[in-house]
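Notes follow the structure.
All values below were derived from every heavy atom in this structure, side-chain atoms included, with hydrogens, water molecules and symmetry-related copies excluded. Please read these numbers as outputs of a predicted model, since none were measured by experiment. Just so you know, ligand 1 is whichever comes first in the structure, and atom 1 is the first atom listed for that ligand.
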Amino acid sequence: MNLNIPTSSIGRPSETMNNWIPTVSLEEMSNNEYDVLIVGSGAGGGAVLWRLCEKLIAEGKRIGMIEAGDLVIPTHARNIPTISSERFPQYLHNPSFTSHTSKYSSNFPDAIEVNALGGRTLFWTQISPRMDSCEIKNWPVSLEEMNDYYGIAEKAMNVSDSFFKGSPLTETLIQRLREAGYSDSTYIPMAADLKTTMHGEIHSNVFFSSISFLTRAMKRSFDLAVRAKAVEIYTENDRVQGLRVMTPEKKSYTLKAKNIVMSASTFETPRILMNSGIKGEAIGHYLANHSGVRATSSMKREQFPEPLGTLGIVIPNGENCPYLLAMLDPMSWSSQEHERTFQEDVRINIGAYGKVESRFENRVYLDPTRRDKYGVPMLNVDFSYSDNDQKVIQQMTESCRDILRLVTGDDDPSVFMMPIGSDYHETGTCRMGDDPSTSATNRYGQIHGIEGLYVADNSVLPSVGRANPTLTTVAFAIRTADHIIESLKSTETRRSFVGF
Ligand SMILES: Cc1cc2nc3c(=O)[nH]c(=O)nc-3n(C[C@H](O)[C@H](O)[C@H](O)COP(=O)(O)OP(=O)(O)OC[C@H]3O[C@@H](n4cnc5c(N)ncnc54)[C@H](O)[C@@H]3O)c2cc1C
């Protein structure tokens, strides 16, 4: 039979993909000159990339990102159903992508670096409070402007206080805390997408990671290379020119760029800057983290209604308190928890994050005697808690004990101090400020005196305050991206005037 019907072409594409996100080779990238090149794909790098791509959607600017790690997982680990609460820490500490700062120093042993696309946001806990205004008032950016950028960052990361609202365990304990005088106790703000899937719009990536920034950035084209480690920044006449990048096989490439944004983390960013001979009295100094205290007790489950739900309460205890208290049990949020067996007791944890002073002597610096496999000197870390920091630790210990006593009736809860670095909140090694003798970058995140060289990661925070840092890092990174966009536009305008 001769059917006179045209045959449809089947949907086989002309090109195929090797992985779940398009990447390019360093060889290809070395043929281009980038308007902006971002180093590192964690919270800071992802935010810069997203903002640049969104705002420059119709402009022919060339944007690139390089990431030292590989493609490990395409979303936050908690969004993956096979990663239960027990497997979560086991996977986080996988030595093929996670390393500990004990390799640098016994003074600061327990921070971790996650070398993977998405950085540490693949595993973070998503607690996203704003910094207190009493802290911001000492920063070079006004409270009003910070609030505007916090608003943008919260929207981009789906931050809300709805995650724990209505959970019987949380509601019962909030009520007890408020009755006991902790009147500002409230729900922990979380970066979690809680919209329901409707009309084919899928919201299954509940827990936010920087991969969501990259996904949104893909509305426009940018070049991404993974397994690409920045080792040296090139400058000429106080202007950035490009980067030397290496593969794990130790092949070297030079990438040209008019603007470079370093988002390689509080340890790696100053390491690359110092290895490149970038001068700055404050680079590597003012390392700060949160000191930590944890207390644990338990309560009879029969005191709570069913279902129990989860626990997420923040107890600010007034804005001027030098520490933040949180009641939290991340082990109870896994998508596998419906399989949990019934237990007679409910574990109640309380954790405190203490503000650590910004001090010049707490620093990272290059160790001339030890190099990594790329030939870059390793870091050494000098770090200690000041007398004041130790007073804060003492106060938080007492506070944790008192609150657990009040809430659970347990007169002797177990209380312990967390090892240095285990908060994963280290900041300050490229801090922002107006004075080049006490800050590494200016108020826009640009390294003092080097045109086109920016920093956008935790290292730019002027001080650590008491709030978890990532939301603030993202707010600053978006602001830095806006500044770069303005400078690209003004260069365009200057060029077109020259044309007339
Ligand atoms: C288990 C855990 C829980 C946490 N919980 C919270 C929380 O609840 N709230 C909160 O605010 N914060 C939390 N954090 C901290 C949070 O993850 C960090 O604040 C945030 O990820 C820091 O962003 P960043 O851009 O500075 O660095 P990262 O996210 O670490 O990203 C740095 C990226 O740069 C890449 N890189 C490094 N060196 C190079 C190089 N030379 N060349 C190219 N690429 C390079 C790395 O591979 C990495 O991808 C948590 C962290 C962990 C691990």
Side-chain angles (χ1 to χ4, degrees), residues 37-49 65-70 72 76-78 88-89 91-93 97-100 110-131 153 157 159 188-192 207-211 213-214 225-233 243-247 255 260-273 275-276 289-290 312 314 324 326 328 330 351 353 372 374 376 421-427 429-430 455-461 464 467-474 476-477:
L37 186 58
I38 302 157
V39 177
S41 62
V48 171
L49 180 75
M65 171 179 266
I66 59 158
E67 164 55 51
D70 208 340
V72 173
H76 190 284
R78 281 191 206 281
F88 182 88
Y91 194 46
L92 165 62
H93 292 277
F97 52 80
T98 295
S99 59
H100 297 80
D110 274 288
I112 58 174
E113 294 170 347
V114 174
N115 258 201
L117 190 75
R120 288 183 296 169
T121 67
L122 298 175
F123 295 95
W124 74 312
T125 313
Q126 297 104 25
I127 301 176
S128 303
R130 293 186 181 196
M131 196 64 79
M157 298 165 74
V159 176
I188 289 179
M190 291 282 289
F207 296 115
F208 180 86
S209 78
S210 178
I211 306 286
F213 277 141
L214 271 69
V226 292
R227 304 174 82 242
K229 176 124 181 151
V231 292
E232 191 180 354
I233 300 159
L243 262 185
R244 188 159 70 84
V245 185
M246 287 176 79
T247 66
L255 307 187
I260 289 177
V261 184
M262 292 299 299
S263 301
S265 82
T266 292
F267 289 101
E268 276 296 305
T269 290
R271 184 157 91 108
I272 306 304
L273 292 171
N275 188 46
S276 313
N289 72 330
H290 284 135
V314 65
L324 196 67
L328 191 67
Y353 304 100
D372 68 8
Y374 301 92
V376 180
S422 61
D423 54 308
Y424 310 136
H425 293 170
E426 62 284 346
T427 59
T429 52
C430 289
V455 178
D457 56 24
N458 276 9
S459 69
V460 292
L461 264 59
V464 71
N468 314 53
T470 311
L471 179 73
T472 303
T473 293
V474 168
F476 273 136

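- Considering backbone and side-chain atoms together, Ala68 places an N or O closer than 3.5 Å to an N or O of ligand 1.
- Two rings, from Phe123 and Phe207, have their centers 6.0 Å or more apart.
- In this structure, of Tyr374, Phe123, Tyr353, the residue bringing a heavy atom nearest to atom 1 (C) of ligand 1 is Phe123.
- Counting atoms of ligand 1 from 1 in the listed order, those under 4.0 Å from a heavy atom of Asn458 are 18 (C), 19 (O), 22 (C), 23 (O), 26 (O).
- Of the listed options Ile38, Thr125, Asn115, Leu117, Thr125 places a heavy atom closest to atom 5 (N) of ligand 1.
- Between the OH atom of Tyr353 and the CG atom of Asp423 there is a distance of 8.5 Å, given to the nearest 0.5 Å.
- For atom 42 (N) of ligand 1, the closest non-hydrogen atom on the protein side is Ala230 N, 2.9 Å.
- Note that OH of Tyr424 is 13.0 Å distant from OG1 of Thr470, once rounded to the nearest 0.5 Å.
- Heavy-atom proximity to Ser263, at under 4.0 Å, picks out these atoms of ligand 1: 32 (C), 33 (C), 34 (O).
- Across Arg120, Gln126, Glu426, His93, heavy-atom proximity to atom 21 (O) of ligand 1 is greatest for Arg120.
- Near Asp457, meaning under 4.0 Å from any of its heavy atoms, are these atoms of ligand 1: 24 (P), 25 (O), 26 (O).
- With hydrogens and angles left out, the side-chain atoms of Thr427 and Asn458 include no donor and acceptor closer than 3.5 Å.
- Every atom of ligand 1 with a heavy atom of Gly44 under 4.0 Å away is listed here by number and element: 25 (O).
- By the criterion of a heavy-atom distance under 4.0 Å, the backbone of Ala228, and not its side chain, is placed next to ligand 1.
- Note on ligand 1: Ala467 sits outside its first shell, no heavy atom being nearer than 4.0 Å.
- A salt bridge does not link Asp457 with Arg120: every distance from a Lys NZ or Arg NE/NH1/NH2 to an Asp or Glu carboxylate oxygen is 4.0 Å or more.
- Taking any N or O of Ile127, backbone or side chain, at least one lies under 3.5 Å from an N or O belonging to ligand 1.
- At a heavy-atom cutoff of 4.0 Å, ligand 1 is contacted by both the backbone and the side chain of Pro469.
- Among the atoms of Gly45, none of the N or O lies under 3.5 angstrom from an N or O of ligand 1.
- In the vicinity of Ile112, heavy-atom distances shorter than 4.0 Å reach the ligand 1 atoms 53 (C).
- Every atom of ligand 1 is numbered from 1 in the order shown, and the set under 4.0 Å from a heavy atom of Lys229 is 41 (N), 42 (N).
- Given atom 27 (O) of ligand 1, the protein heavy atom at minimum distance is Ser265 CB, 3.9 Å.
- Only backbone heavy atoms of Val114 (N, CA, C or O) come within less than 4.0 Å of ligand 1; its side chain stays farther off.
- For Asp70, there are no side chain to side chain donor-acceptor pair (under 3.5 Å) partners, not counting sequence neighbours.
- Ring geometry for His290 versus His425: interplanar angle over 60°, hence perpendicular rather than tilted (30 to 60°).
- Taking the side chain to side chain donor-acceptor pair (under 3.5 Å) definition, one finds that Thr247 meets it with Glu249, sequence neighbours left out.
- When only interatomic distances are considered, the shortest N/O to N/O separation between Ala116 and ligand 1 falls below 3.5 Å.
- The protein atom (non-hydrogen) at minimum distance from atom 14 (N) of ligand 1 is Trp124 CB, 3.8 Å.
- Checking Glu67 against Ser41 by side-chain atom types alone, a donor-acceptor pair falls below 3.5 Å.
- Here the protein heavy atom with the shortest distance to atom 15 (C) of ligand 1 is Tyr424 O, 3.4 Å.
- Summarising the geometry, atom CG belonging to Leu243 is positioned 6.0 Å from atom CG belonging to Leu255; distances are rounded to the nearest 0.5 Å.
- Within ligand 1, the atoms closer than 4.0 Å to a non-hydrogen atom of Val39 are 42 (N), 43 (C), numbered from 1 in the order shown.
- Distance from atom 47 (O) of ligand 1 to its nearest protein heavy atom, with residue and atom name: Glu67 OE2, 2.6 Å.
- The CD1 atom of Ile38 lies 12.0 Å from the CE atom of Met262; values are rounded to the nearest 0.5 Å.
- Proximity of Ile188 to Leu328: side-chain heavy atoms (C-beta onward) are separated by under 4.5 Å at one or more points.
- His100 and Glu113 share no donor-acceptor pair across their side chains, judged by distance under 3.5 Å alone.
- For atom 20 (C) of ligand 1, the closest heavy atom belonging to the protein is Thr470 OG1, 3.8 Å.
- Remark: minimum distance from atom 37 (C) of ligand 1 to any protein heavy atom is reached at Ala264 O, 3.3 Å.
- Here the protein heavy atom with the shortest distance to atom 38 (N) of ligand 1 is Glu268 CG, 3.4 Å.
- Atom OG in Ser99 sits 11.5 Å away from atom NE2 in His93 (nearest 0.5 Å).
- Atom-to-atom distance recorded for Phe213:CZ and Thr121:OG1 is 8.5 Å, nearest 0.5 angstrom.
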